[in-house]
Amino acid sequence: MQKTKIENIHAREILDSRGTPTVEVEVETYCSKSLRSKCNIGRAAVPSGASTGAFEAHELRDGDKKRYLGKGVLRAVQNINDIISKKLISKDVEVSLNGQKEIDRILIELDGTENKSKLGANAILGVSLAMARALANAKHVHLYQFLGDRITPSLPVPMMNILNGGKHALDSVDLQEFMIMPLGAKSFSEAVRSCCEVYQSLKSLLYSKGLNTSVGDEGGFAPSLKSNKEAIELILQAIEKAGYKAGPDFYLTIDAASTELYKDGKYVLAKEGKILTSDQMIDFYSDWVRQYPIFSIEDPLSEEDWSGWNNMTKALGLKVQIVGDDLFVTNIKRLKRGVDEGTANSILIKLNQIGTLTETLETIEFASKNKYKSIVSHRSGETEDTFISDLSVAVSCGQIKTGAPARTDRVAKYNQLLRIEEALGSKAVYGGSNLTACLK
Ligand code: PGA
Ligand code: ZN
């Protein structure tokens with residue numbers, strides 16, 4: 001088995017898409033077969049959430065109010081440059097996912113806490129992902145090939161966010177994300193094209209109604225609307241205006257990010273002037289599922305309302321995809337509880353919620369063994385890093401959530417998927433028809 005030596009690890013503070021600092025890491029390995037060029041450098045940048053779940057791995061921030069309002073990441077950077085690099089430099093690593101597993105195990109042990117709060121999950125994840133890229137380069141394969149060496153790759157259906165609300169666009173609607181899924185498309189590139197057409201038609205529709213066309217954190221429009229329902233109605237009009245049919249061509253997806261709406265055991269829909277109980281929220285969604293072509297609802301209820309989640313799954317779990325984001329936080333232990341109790345039927349996958357690549361892959365594998373679908377996802381604070389595009393293809397999970405076709409931090413992910421589709425050529429499989437089969 002090919003091995004390579006870790007020559008250097010270096011971290012720096014860079015900016016994410018909100019102008020907030022984040023961690024970037026470079027891992028350099030030596031490959032005896034090649035000349036000692038820089039070909040084995042792997043670089044990765046860490047994303048960051050706004051509507052973060054309470055059970056996520058710990059994002060280490062400096063708290064020094066004199067820099068970036070306390071949001072600097074110099075301590076995480078220092079933990080990599082001083083502590084992690086000392087432990088890993090000169091180590092021989094197998095150029096495979098086993099080698100990756102070994103590095104991630106060392107990182108977890110070195111931190112020693114349950115939620116990676118000592119070194120910071122942002123420090124650990126940066127090293128873990130840069131390592132994977134360095135190993136892929138040492139193997140002279142694309143990242144998606146390295147990550148999915150046992151699986152036939154397939155391209156994901158975009159769960160494309162075109163209207164932002166909640167914490168991502170404060171003056172817009174209560175629910176955080178309104179997305180479209182081009183399940184009727186024949187290929188990934190056709191899917192992206194049709195989504196862009198709907199996005200542009202939504203823009204002109206908003207403009208014609210005198211509504212704001214500025215965008216939220218994930219690139220979706222953020223108009224000031226009177227109700228959440230109005231967002232759905234506008235999107236349906238935009239689909240039609242672009243020449244498509246809601247239902248066969250496009251389905252709708254919602255991320256309510258309900259933990260953010262949960263106050264004293266109730267759900268506050270401020271824009272609509274409503275305060276709802278858990279059961280009333282379920283009625284609210286049931287009504288929408290009856291009226292609209294909804295494929296998926298993420299975080300319909302709060303991370304604290306586990307019994308509500310079970311009721312929601314009983315009510316709608318056979319009709320729609322019910323996705324745990326804040327509820328499961330990409331954590332296999334929390335997902336196990338979900339499987340045992342029959343909570344939700346899908347999981348959102350965010351690398352930085354758990355903090356290493358290996359743990360992420362284990363959660364995806366556990367989900368799939370238990371017939372839970374996985375959706376690989378970005379964070380609202382992103383960089384130009386496109387790791388999740390390769391990951392979504394490598395694990396063939398069939399769905400990716402990575403924002404609007406606007407702002408380079410979001411578009412970069414779609415562009416990387418277009419490159420992968422081209423590289424796969426006639427072997428490129430698009431996941432749309434498999435998902436449509438789930439609806440029956
Ligand atoms: P976040 O939002 O990255 O701000 O947590 C994304 C999501 O909730 O899915
Ligand atoms: Zn979410």
Side-chain angles (χ1 to χ4, degrees), residues 16-20 22 45-59 61 71 121-122 125 156 158-170 172-181 215-220 222 228 252-262 267 281 285 295-305 309 312 320-331 334-335 338 344-355 360 363 373-383 385 387-388 392 397 399-404 407 409-410 413:
D16 75 9
S17 53
R18 281 191 276 251
T20 303
T22 192
V46 179
S48 174
S51 59
T52 43
F55 304 100
E56 294 194 19
H58 183 75
E59 182 182 75
R61 299 238 170 236
K71 296 210 162 178
N122 41 351
L125 183 68
M159 201 180 250
M160 198 180 269
N161 179 354
I162 61 172
L163 202 144
N164 291 188
K167 261 202 162 172
H168 295 170
L170 293 179
S172 187
V173 285
D174 302 309
L175 307 191
Q176 184 177 276
E177 298 168 28
F178 291 81
M179 295 168 277
I180 48 172
M181 285 186 86
V215 299
D217 286 3
E218 296 183 348
N228 297 290
L252 307 182
T253 299
I254 291 141
D255 178 6
S258 290
T259 303
E260 305 296 331
L261 308 171
Y262 201 53
Y267 295 87
M281 279 298 269
Y285 296 123
F295 180 78
S296 181
I297 307 176
E298 180 184 328
D299 281 357
L301 299 167
S302 161
E303 67 199 3
E304 292 171 49
D305 187 8
W309 271 88
M312 171 84 188
V320 289
Q321 187 169 266
I322 300 176
V323 186
D325 170 16
D326 288 354
L327 187 75
F328 293 142
V329 287
T330 317
N331 185 319
R334 292 186 66 83
L335 181 59
N345 54 30
S346 309
I347 177 171
L348 203 74
I349 299 293
K350 292 167 164 170
L351 287 149
N352 79 324
Q353 283 182 327
I354 190 68
T360 305
T363 300
K373 287 196 245 75
S374 291
I375 300 110
V376 169
S377 173
H378 65 162
R379 299 305 306 243
S380 50
E382 270 292 336
T383 66
D385 191 302
F387 198 103
I388 57 165
S392 69
C397 62
Q399 300 173 67
I400 190 168
K401 186 173 115 157
T402 189
R407 304 297 183 235
D409 40 297
R410 313 296 144 182
K413 277 62 164 180

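Whatever order the structure lists ligands and atoms in, that order sets their numbers, starting from 1.
- In the model, Gln321 has a side-chain atom that pairs as donor or acceptor with a side-chain atom of Lys373 under 3.5 Å.
- Considering CG of Asn331 and CD1 of Ile347, their distance stands at 8.5 Å, rounded to 0.5 Å.
- Put simply, CG on Asp299 and CD1 on Ile254 are 12.5 Å apart, with the number rounded to the nearest 0.5 Å.
- Classification of Lys401 and Glu298 as a salt-bridged pair holds, one side-chain N sitting under 4.0 Å from a carboxylate O.
- Side chains of Ile297 and Met312 form a contact here, defined as non-hydrogen atoms less than 4.5 Å apart.
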Glu56 and Arg379: salt bridge (Lys or Arg N to Asp or Glu O under 4.0 Å), yes or no, with the steps?
-> CA-CA 13 Å; Glu56 294 194 19; Arg379 299 305 306 243; 3.1 Å; yes

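- Residues Gln353 and Asp325 have side chains in contact (heavy-atom distance under 4.5 Å, counting atoms from C-beta outward).
- For the residue pair Thr20 and Arg61, no side-chain donor N or O sits within less than 3.5 Å of a side-chain acceptor on the partner.
- Sorted by chain and number, the protein atoms of type N, O or S within less than 2.8 Å of the Zn ion (ligand 2) are Asp255 OD2, Glu298 OE2, Asp325 OD2.
- Inter-residue side-chain proximity for Thr22 and Asn122 is flagged as unmet; no heavy-atom pair is nearer than 4.5 Å.
- Residue-level contacts of ligand 1 at the 4.0 Å heavy-atom threshold are Gly49, Ala50, Ser51, His168, Gln176, Glu177, Glu218, Asp255, Glu298, Asp325, Leu348, Lys350, Arg379, Ser380, Lys401.
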